[in-house]
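Here the structure comes first, spelled out in structure tokens, and everything after it is commentary.
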Number of protein chains: 2
Amino acid sequence: MKAVSDTRQAILERAERYLQDAGFSSFSFRDLAADLGIKSASVHYHFPSKEALGVALLQGYRESFERWAASRRDSGSAQADLVEWLRYYRSLARKGDICAGGAFGAEYGELPERVRRELGALLDTIRKWVRATLEAGRKRGEIRADGKLDDQTALVLAAVQGGTQIARITGSPKIADAAFEHLKAVLFT
Amino acid sequence: MKAVSDTRQAILERAERYLQDAGFSSFSFRDLAADLGIKSASVHYHFPSKEALGVALLQGYRESFERWAASRRDSGSAQADLVEWLRYYRSLARKGDICAGGAFGAEYGELPERVRRELGALLDTIRKWVRATLEAGRKRGEIRADGKLDDQTALVLAAVQGGTQIARITGSPKIADAAFEHLKAVLFT
DNA sequence: GTCTATAGGGGGATAGAC
DNA sequence: GTCTATCCCCCTATAGAC
């Protein structure tokens with residue numbers, strides 16, 4: 001009763017967990033296969049190379065984000081949008097996981113070219129959404145209009161990526177919550 | 001004419017570059033040996049295991065930081081201390097490198113136990129310095145006393161770690177500068 | 001301190017049968 | 001779609017000569 005791409009989906013889900021737990025180079029096709037009760041050659045059937053798997057993972061993140069962002073369109077509140085967005089990173093931190101940007105980013109120097117490009121595209125997509133959200137919030141008086149919009153956007157992106165990482169290193173998700181609390185305090189009017 | 005531990009030092013320096021460029025698992029003892037014109041067995045003479053090398057790297061970071069922090073004692077200005085501290089992360093971003101926390105942090109799930117502990121100790125050392133610096137700055141009226149001190153500290157740590165990473169991913173060090181500019185704007189009175 | 005040589009295990013990837 | 005079998009490479013680490 002399996003759908004055609006059930007295995008493919010299962011591979012992606014396992015790979016995502018490994019990625020966020022210990023990085024892209026932390027897992028092998030053999031690991032994925034063993035977890036799913038198949039052989040590594042079968043994983044290669046779905047993803048011809050690890051590069052292809054990395055690209056697929058990143059495209060998945062981007063599509064998920066875009067779907068979510070579309071669902072929030074016309075929410076009418078920049079503050080509510082950002083709070084909801086932060087919830088995702090908070091949940092990562094609680095599980096001791098980090099975001100895709102941080103996971104791939106640390107190994108950037110040895111990522112295949114196409115993976116690098118997809119990673120850049122993902123970050124760009126998120127950056128544009130944050131920027132637009134802050135801009136709309138400034139106009140509505142919900143977001144402090146201190147400093148340049150691009151600088152404010154950069155701080156938000158840095159804080160979420162760094163927040164999940166320091167939470168994991170210190171072993172306490174609370175530190176991510178703390179960083180996000182202060183971020184809201186300096187952003188919101 | 002080499003000092004006794006010249007090779008050891010050279011190994012550490014090469015390893016640091018690999019680490020900040022592509023992570024702890026990105027380089028092997030063979031890589032280090034080849035770069036230095038020796039054999040991998042000789043690297044093992046200086047560092048019996050990769051775990052030992054990781055620990056030595058982190059202890060080096062911590063000692064460097066502590067020396068630097070001691071040199072700034074009684075500088076009299078929290079703003080000046082933080083600006084100087086941010087210069088380090090700015091320089092990493094310009095080289096396309098990330099900080100040790102980000103480099104080790106992404107692979108946290110598969111780091112040897114002692115490396116994890118040293119990483120925690122390094123972050124804790126830095127966290128305490130940031131906290132104390134912000135606290136002193138608040139008393140002197142240099143730092144905004146908005147919100148909890150611990151939340152403010154967490155945001156600063158998250159921003160520097162995340163800032164260097166997004167700079168590398170986007171390929172532009174400017175985004176780290178932007179994040180740090182806004183960080184100063186929201187911290188300084 | 002550095003070497004040669006090697007053990008013992010994983011890694012990505014492919015060919016070809018079923 | 002999944003399998004067996006395999007290639008060829010890299011990895012960490014060690015033994016023992018020099």
Side-chain angles (χ1 to χ4, degrees), chain A residues 1-19 21-58 103-104 106-107 109-116 118, chain B residues 1-19 21-58 103-104 106-107 109-116 118:
Chain A
M1 278 318 261
K2 285 189 175 182
V4 179
S5 57
D6 235 33
T7 301
R8 185 189 151 95
Q9 197 53 39
I11 291 168
L12 284 171
E13 280 162 17
R14 282 301 305 170
E16 183 181 343
R17 262 198 272 176
Y18 278 117
L19 174 73
D21 187 46
F24 188 56
S25 64
S26 77
F27 65 92
S28 67
F29 275 37
R30 282 182 176 53
D31 291 330
L32 298 173
D35 292 341
L36 300 175
I38 58 177
K39 298 296 173 183
S40 72
S42 304
V43 180
H44 275 281
Y45 170 80
H46 295 281
F47 300 96
S49 68
K50 203 170 176 187
E51 175 173 8
L53 175 56
V55 169
L57 278 169
L58 285 163
F104 278 109
E107 303 175 82
E110 58 171 9
L111 291 178
E113 183 55 32
R114 288 180 54 219
V115 176
R116 286 192 195 199
E118 280 301 327
Chain B
M1 279 315 263
K2 283 190 176 182
V4 178
S5 59
D6 235 34
T7 301
R8 185 188 151 94
Q9 197 53 40
I11 291 169
L12 284 171
E13 281 162 17
R14 283 300 305 169
E16 183 181 344
R17 263 197 272 175
Y18 278 117
L19 174 72
D21 187 46
F24 188 57
S25 65
S26 77
F27 65 92
S28 67
F29 275 37
R30 285 215 228 298
D31 291 330
L32 298 173
D35 293 340
L36 300 174
I38 59 177
K39 298 296 173 182
S40 72
S42 304
V43 179
H44 276 281
Y45 169 81
H46 296 280
F47 299 97
S49 68
K50 202 170 176 187
E51 175 174 7
L53 175 56
V55 169
L57 278 169
L58 284 162
F104 278 110
E107 302 174 83
E110 58 170 10
L111 291 178
E113 184 54 33
R114 288 180 55 219
V115 176
R116 286 192 194 198
E118 280 302 327

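All chains are named by letter (A, B, ...) in the order of the sequence lines, taking the proteins before the strands, and each is independently numbered beginning at 1. Side chains are part of it too, since the values below use all heavy atoms of this structure and drop only hydrogens, waters and symmetry mates.
Proximity note for Phe29(B) (side chain, C-beta onward) versus dT2(D), dT2(C), dA13(D): the nearest is dA13(D). Comparing dA13(D), dT4(C), dT2(C) against the side chain of Lys50(B) picks out dA13(D) as the nearest. Comparing dG11(C), dT2(C), dC3(D) by their nearest atom to the side chain of Asp31(A) picks out dG11(C). Proximity note for Ala41(B) (side chain, C-beta onward) versus dA13(C), dC3(D), dA15(D): the nearest is dA15(D). The side chain of Tyr45(B) lies closest to dG1(C) when the candidates are dC11(D), dG1(C), dC3(C).
Side-chain nitrogen and oxygen atoms of His44(B) include none within less than 4.0 Å of the OP1 or OP2 phosphate oxygen of dA15(D). Applying the 4.0 Å criterion to OP1 and OP2 of dT2(D), one finds that Thr7(A) has a side-chain N or O inside that range. Of the side-chain N and O atoms in Ser42(B), one or more sit less than 4.0 angstrom from OP1 or OP2 of dC3(C). Taking side-chain N and O atoms only, Lys39(B) has no distance below 4.0 Å to OP1 or OP2 of dT2(C). Taking 4.0 angstrom as the limit, Ser49(B) places none of its side-chain polar atoms (N or O) nearer than this to OP1 or OP2 of dT12(D). Look at Ser28(A) and you'll find a side-chain N or O under 4.0 angstrom from OP1 or OP2 of dG11(C).
Nucleotide dT2(D) holds its P atom 14 Å from the CG atom of Leu32(A), rounded to whole Å. Rounded to whole Å, atom C1' of dG1(D) lies 10 Å from atom CD1 of Ile11(A). Rounded to an integer number of Å, the gap from CD1 of Ile38(B) to P of dT4(C) is 12 Å. Summarising the geometry, the separation between CG on Leu53(A) and P on dG11(C) is reported as 14 Å, rounded to the nearest angstrom. Between the CD atom of Glu110(B) and the P atom of dC11(D) there is a distance of 14 Å, given to the nearest Å. Computed from coordinates, the Phe27(B) CZ to dC11(D) C1' distance equals 13 Å when rounded to whole Å. Atom CG in Leu36(B) sits roughly 15 Å away from atom C1' in dC3(C) (whole-Å rounding). Atom pair Arg30(B):CZ and dG9(C):P shows a separation of 16 Å (rounding to whole Å applied).
Counting any heavy atom pair closer than 4.0 Å across all strands shown, Phe47(B) reaches no nucleic acid atom.
If you take NZ on Lys50(B) and CZ on Phe27(B), they are separated by 4.5 Å, rounding to the nearest 0.5 Å.
The shortest distance between side-chain heavy atoms of Tyr45(B) and Thr7(B) does not fall below 4.5 Å. Side-chain contact check for Ser25(B) versus Glu110(B): some heavy-atom pair is nearer than 4.5 Å. The shortest distance between side-chain heavy atoms of Phe47(B) and Arg8(B) falls below 4.5 Å. Counting heavy atoms from C-beta on, the side chains of Val115(B) and Leu57(B) never come closer than 4.5 Å.
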